[in-house]
Amino acid sequence: MLDAELATHAELATRIRPSQPGGANLIFRRCERDTSVKKAGSATDPLWYKDAIIYELHVRAFQDSNGDGIGDFPGLISRLDYLQDLGVTCLWLLPFFPSPLRDDGYDISNYVEVNPCYGTLNDFKLFLDAAHQRGMQVLIELVINHTSDQHPWFQAARLAPPGSPERDFYVWSMDNQRFKEVPIIFKDTEKSNWTWDETAGSYYWHRFFSHQPDLNFDNPAVMEEVLKAMRFWLDMGVDALRMDAIPYLYERDGTRCESLPETHAAIKRIRAAIDEGYSNRIILAEANQWPTDVRPYFGDGDECHMAFHFPLMPRIYMALRQEDRLPITDIMAQTPPIPDNCQWALFLRNHDELTLEMVTDDERDYMYYAYSADPRMRINVGIRRRLAPLVDNNRRRIELLNSMVLSFPGTPIVYYGDEIGMGDNIYLGDRNGVRTPMQWNPDRNAGFSTAVPAKLYFPVIMDPIWGYQAINVEAQLSDQSSLLHWTRNMIALRKLFQVFGRGTLEFLSPANRKVLAYIRSYTSPDGNTETVLCVANLSRFAQAALLDLSDFAGMIPVEMLGYVPFPPITDQPYAITLTPYSFFWLELQTAPEAPRPPAPISEEDAAKAAMGPLDAPAEVPPTVWTPDAPEPRTPIKS
Ligand code: GLC
Ligand code: CA
């Protein structure tokens, strides 16, 4: 988006900021609905999250509207057109609640307010409405395992006598010997999961930082408060909640205090409250565990709608580095089926380190060796780097990894800045190196803020390779070959096919293990079948492979970016060649005698796809079509 446009949006946001009735009333009206009726979400399809493309961002890092060096809601509103053009359909906001910010906002001191540095509650509502108007859903954080030690509940608890209801909000012990089996998560900073509180004269329990005391779910009043906070945001119209650190709600002697039956019962209770009062809202589990251990978080379709696939992520990087598909096929083979109404959330990078908890010791050593040459790149059990630096700024590798996350079963998540290949700053502490300001243009502070540079919450990245003069949205919008344009086109293409979000997965096993090949297939309730063959070359050299596609003999693979028909499939092995790090998405179409009707697509997507890249003149579809060729979908410019 141009800066002139940005100014207009920012101005608009500020102008309507001081409690102007219009926008706010809209929302209040929604809250006042009859409670016997379920409160509708912004999405119409109850399974909307299966077709979603999630974009993860921090309000603080996105756009500063008032020159204080900190991103805010009016700033974010001014950038919504950019996100809409990118094609993402759901915005995941990192915590924006009042907080001492010692864990980037995951240390919450008030669940039902907005941190004043990001704006007001009314600003949030304006944002929510603006996102909904653009057809985007909104996912926010529900961090219920712990609060900040500055939360009034904790302040009251430490002053209250042992055994009192106030004290009971947290988990206390006179010694630090209980729950000895429980591992420490932030190994770099914490020595124990217990910390002594002088005022209370007792130890309190914490799974994360010592300034984040764990709430005591054995106290029913805690669950009541959690439900209250949850309803506060759902009533306002929030579509989805990420359940942070969800395995650790309960503690029991002699266990690792992880995934206890009591914890699952609590999640079911939360889910039941959502299903009872609301429609088309979802919860997403953050459970950094093996797929079989995560499986129970879906319950019988009555716990979380979604869960992150943590072990897949490092294995994608491992497969790339080893030029071998095994790490990927192996972890997918260990991934159990999930209920029909559930979905995996897939990602390449996020706001945390690339966690290596879900790999073996050998694999961890390998990953450290391959991806973190400088010890500064390591933190806790992981690597704190962004996507582009992890793959040495190699465009083909970035595209290859994205092609996988966009075509594996699940809902893909794009971490802000990765769509332009932003770098990181390993000289910042904690995981802050991957949380620097979004790079919009080559102006002061990357167009993120008009503050003096020293005032920014974190410095923008400035070196010659990753700096904002080299990598920014404005430049990439005007460059038709940019990563941004590529990402946008891939997102648009994916959105034309429901098979990616909803279909089955079956790996092929060509003898050449540098080639990863899989079939995605989906038959919609109206009987329309989509079958896609994905082939990826994990190697830095060209590769060839023979694929057994005999089940599809007679069909024609059509390359989906250019609608280019490939030779028909026979019952003989299908030969395919790939340039280094390249991939194909091939739709398997029936032979031309029986052309298939194109699947329905939204008018908006059709228009966008037909338009080609942003700011580019609309292009004529590729002219490879002859009367005998298979039917094209809406053309996408490659
Ligand atoms: C989650 C968040 C992480 C945070 C931790 C403690 O793992 O992703 O950023 O530090 O919870 O709240
Ligand atoms: Ca600001």
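Quick note: residue numbers are just sequence positions, from 1. As the structure lists them, so they are numbered: ligands from 1, and atoms in each ligand from 1.
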Would you confirm whether the ring centroid of Tyr415 sits within less than 6.0 angstrom of the ring centroid of Tyr55?
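So the answer is no for these two rings.
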
Ring geometry between Phe154 and Trp172 (parallel below 30°, tilted from 30 to 60°, perpendicular above 60°):
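Ring orientation, 0 to 90° scale: parallel.
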
Have a look around the Ca ion (ligand 2) and list protein N/O/S atoms under 3.0 Å, or say none.
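You should have found Asp64 OD1, Asn66 OD1, Asp68 OD1, Ile70 O, Asp72 OD2.
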
Less than 6.0 angstrom from the centroid, inside 45 degrees of the normal: does [X] satisfy that with respect to the ring of [Y]?
| X | Y | answer |
| --- | --- | --- |
| Arg79 | Trp440 | yes |
| Arg207 | Phe186 | no |
| Arg386 | Tyr416 | yes |

Is the closest basic N to carboxylate O distance between Lys455 and Asp68 below 4.0 Å?
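Between Asp68 and Lys455 there is no salt bridge, as every charged N stays at least 4.0 Å from the carboxylate O atoms.
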
Are Asp239 and Arg281 within salt-bridge range, i.e. N to O under 4.0 Å?
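Looking at Asp239 and Arg281, the cut-off is not met.
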
For ligand 1, give me the residues whose heavy-atom distance to it is below 4.0 Å, by chain and number please.
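Heavy-atom contacts below 4.0 Å: Asp103, Tyr106, His146, Phe186, Phe208, Gln212, Arg242, Asp244, Glu286, His351, Asp352, Arg431, Arg435.
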
All ring-ring contact (aromatic ring centres under 6.0 Å, His included) counterparts of Phe448, not counting sequence neighbours:
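For Phe448 the ring-ring contact (aromatic ring centres under 6.0 Å, His included) partners, ignoring immediate neighbours, are Tyr457.
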
Qualifying salt bridge (charged side-chain N to carboxylate O under 4.0 Å, His left out) pairs, either residue in residues 209-232, two or more places apart
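Counting only pairs at least two positions apart or across chains, the salt bridge (charged side-chain N to carboxylate O under 4.0 Å, His left out) contacts touching residues 209-232 are Asp218-Arg252, Glu224-Arg269, Glu225-Lys228.
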
